[in-house]
2 protein chains.
Amino acid sequence: MKDSHKLIIDNVSRFIDLTELEKQKYISLLTEVKVKRRAYLMQAGEITKYEYFITKGCLKAYTLDVDGVPHISMFAVEDYWTGDIASFITKQPSRYFIKATEDSELLGISRANYDLLFQEIPKFERFYRILYQRSLISYIRRSNHGISLTAEERYIEFKKKYPNIVNRITQKDLAGYIGITPEFMSKIISKVNRM
Amino acid sequence: MKDSHKLIIDNVSRFIDLTELEKQKYISLLTEVKVKRRAYLMQAGEITKYEYFITKGCLKAYTLDVDGVPHISMFAVEDYWTGDIASFITKQPSRYFIKATEDSELLGISRANYDLLFQEIPKFERFYRILYQRSLISYIRRSNHGISLTAEERYIEFKKKYPNIVNRITQKDLAGYIGITPEFMSKIISKVNRM
DNA sequence: GAAAAAAAATGAACTAGTTTAAGACTTTTA
DNA sequence: TAAAAGTCTTAAACTAGTTCATTTTTTTTC
């Protein structure tokens with residue numbers, strides 16, 4: 001089996017057990033996608049056709065506000081899932097751009113195959129139930145931190161939680177994620193490093 | 001069938017179809033709970049034993065920061081779900097208080113019955129998959145708004161999204177949800193009303 | 001229904017984070 | 001490998017939101 005397929009099967013197998021046949025069936029529903037550094041996986045205005053699992057590389061998802069300032073909603077590296085679940089599910093145009101910050105490789109599942117998957121292997125309802133449950137727990141935490149922590153505290157949290165991501169992204173993008181300007185991010189970092 | 005049971009069955013039936021027997025089985029796994037205004041459904045430090053569906057009333061969930069300032073993570077009224085999913089799933093002590101702001105009635109499912117439910121009626125994997133998916137979509141939006149909108153914009157959003165909640169809660173609690181002080185909330189409201 | 005307690009409004013002094021601008025450093029491109 | 005473009009740093013002036021203190025209004029309690 002390919003390395004990328006092994007990675008996604010291992011990811012799924014954390015929550016459900018699949019037979020060999022089911023693994024093959026699942027893999028047959030996936031599409032391989034490569035995105036070069038600085039290329040877009042998707043852009044605002046499109047209706048998202050796929051949800052993606054990353055097997056290699058790093059991507060950022062962001063919206064642009066009325067002044068054209070980017071607000072980064074997520075970074076994603078190997079073994080993470082990415083996409084715009086709201087657009088994928090509701091079939092409404094997305095407000096997100098997803099751009100590769102390194103040459104990346106992904107496995108995508110189309111909306112049609114996603115629906116088919118639940119019919120063919122109902123166990124996947126459980127997989128996604130648990131996956132969404134866990135994502136939900138981290139977004140609840142993040143939405144609380146956004147309103148209750150200072151920018152400096154959010155930066156310290158991020159570094160602690162994603163030590164493997166912090167040195168793969170620019171300071172400017174991190175500022176867009178934390179919700180502050182790059183200038184203030186620069187101040188915070190030099191302050192935290194001095195402590 | 002009791003009104004409260006009818007309400008929860010209708011809620012579940014939006015995503016999955018249940019036979020009469022399954023409905024009865026599901027209801028048998030639920031526990032009725034009443035909470036008086038200003039009483040706690042749960043408190044920080046406890047390990048959450050239940051997830052709740054509200055059949056009557058209104059509750060708020062909040063954490064206290066290091067200075068003892070409350071940050072409200074959610075309001076919930078009839079036909080909403082509430083609880084601390086992180087503590088419920090991980091069996092770690094919760095950091096949340098959930099307090100009734102009106103006399104309230106709820107249906108709780110214990111962790112043991114929640115696990116049993118998936119064995120007895122696997123269709124519920126699908127129900128929770130969709131429920132968590134939808135919650136996830138709204139928390140992703142909220143966590144982005146927390147970092148990309150001003151307090152005034154967040155207030156206007158809240159009023160638009162939850163017109164049925166805004167006049168059942170105090171301005172002070174709304175401030176705790178928006179992530180600002182009650183004083184600044186007061187200023188925003190008088191400004192927005194003047195517009 | 002009077003007294004007490006809590007919520008809301010207002011204002012002045014303050015602070016976390018923004019804006020604008022300019023220079024130094026790093027990466028990309030031709 | 002030079003020039004162009006993007007990123008990072010620093011600093012001064014500014015603004016969104018806080019803090020603290022006081023008064024008014026509303027709600028709760030006995």
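Only heavy atoms go into these numbers, but all of them, side chains included; no hydrogens, no water, no symmetry mates. None of these values were measured; they are calculated from a predicted model.
- Between dT19(D), dT28(C), dG17(C), one nucleotide has an atom nearer to the side chain of T181(B) than all others, and that is dT19(D).
- In this structure, CD of E153(B) is placed 11 Å from P of dA16(D), rounded to the nearest angstrom.
- Atom C1' of nucleotide dA16(D) and atom CD1 of I180(B) are separated by 10 Å, given to the nearest angstrom.
- For CG of D3(B), the number of neighbouring non-hydrogen atoms (other residues, nucleotides, ligands) closer than 6.0 Å is 12 at most.
- Under the 6.0 Å cut-off for aromatic ring centres, Y114(B) and Y50(B) do not qualify, their centroids lying 6.0 Å or more apart.
- Across the helix from dG1(C)-dC30(D) to dA30(C)-dT1(D), the helix axis at one end is tilted relative to the axis at the other end by 60° (nearest 10 degrees, each axis from five pairs).
- Between R129(B) and L131(A), the closest side-chain pair of non-hydrogen atoms is not below 4.5 Å.
- When rounded to the nearest whole Å, the span between NZ of K36(B) and P of dT29(D) equals 12 Å.
- Environment of NZ in K36(B): sparse, with no more than 12 heavy atoms of neighbouring residues, nucleotides or ligands closer than 6.0 Å.
- Residues meeting the ring pair (Phe, Tyr, Trp, His ring centres under 6.0 Å) test with F75(A), sequence neighbours left out: Y177(A).
- Side-chain contact between F97(B) and M42(B): absent, with no pair of heavy atoms (C-beta onward) separated by less than 4.5 Å.
- The aromatic rings of F118(B) and Y128(B) stand perpendicular to each other, their planes meeting at an angle above 60°, with 30° marking the opposite boundary.
- For the pair E102(B) CD and dT27(D) P, the computed distance is 14 Å after rounding to whole Å.
- The aromatic rings of F124(A) and F127(A) lie perpendicular to each other, with more than 60° between the two planes, well past the 30° mark.
- Comparing R38(B) and T150(B) by the nucleotide of DNA chain D that holds the closest heavy atom to each, the one mapping nearer the 5' end is T150(B).
- Taking atom CD1 on I178(A) and atom C1' on dG17(C), their separation rounds to 13 Å, with Å as the unit.
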Identify the pairs formed between an N or O of the protein and an N or O of nucleotides 4-11 of chain C at a distance under 3.5 Å, and give each distance.
residue: dA7(C); atom: OP2; partner: K172(B); partner atom: NZ; Å: 3.1
residue: dA8(C); atom: OP1; partner: Q171(B); partner atom: N; Å: 3.1
residue: dA8(C); atom: OP2; partner: Q171(B); partner atom: N; Å: 3.4
residue: dA8(C); atom: OP2; partner: K172(B); partner atom: N; Å: 3.0
residue: dA9(C); atom: OP2; partner: Q171(B); partner atom: OE1; Å: 3.4
residue: dA9(C); atom: OP2; partner: Q171(B); partner atom: NE2; Å: 2.5
residue: dA9(C); atom: OP2; partner: S186(B); partner atom: OG; Å: 3.0

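- Between the side chain of Q24(A) and the backbone N or O of L21(A) there is no donor-acceptor pair closer than 3.5 Å.
- Between N167(A) atom CG and dC8(D) atom C1' the separation is 17 Å, expressed in whole Å.
- Nucleotide dA16(D) holds its P atom 13 Å from the CG atom of D67(A), rounded to whole Å.
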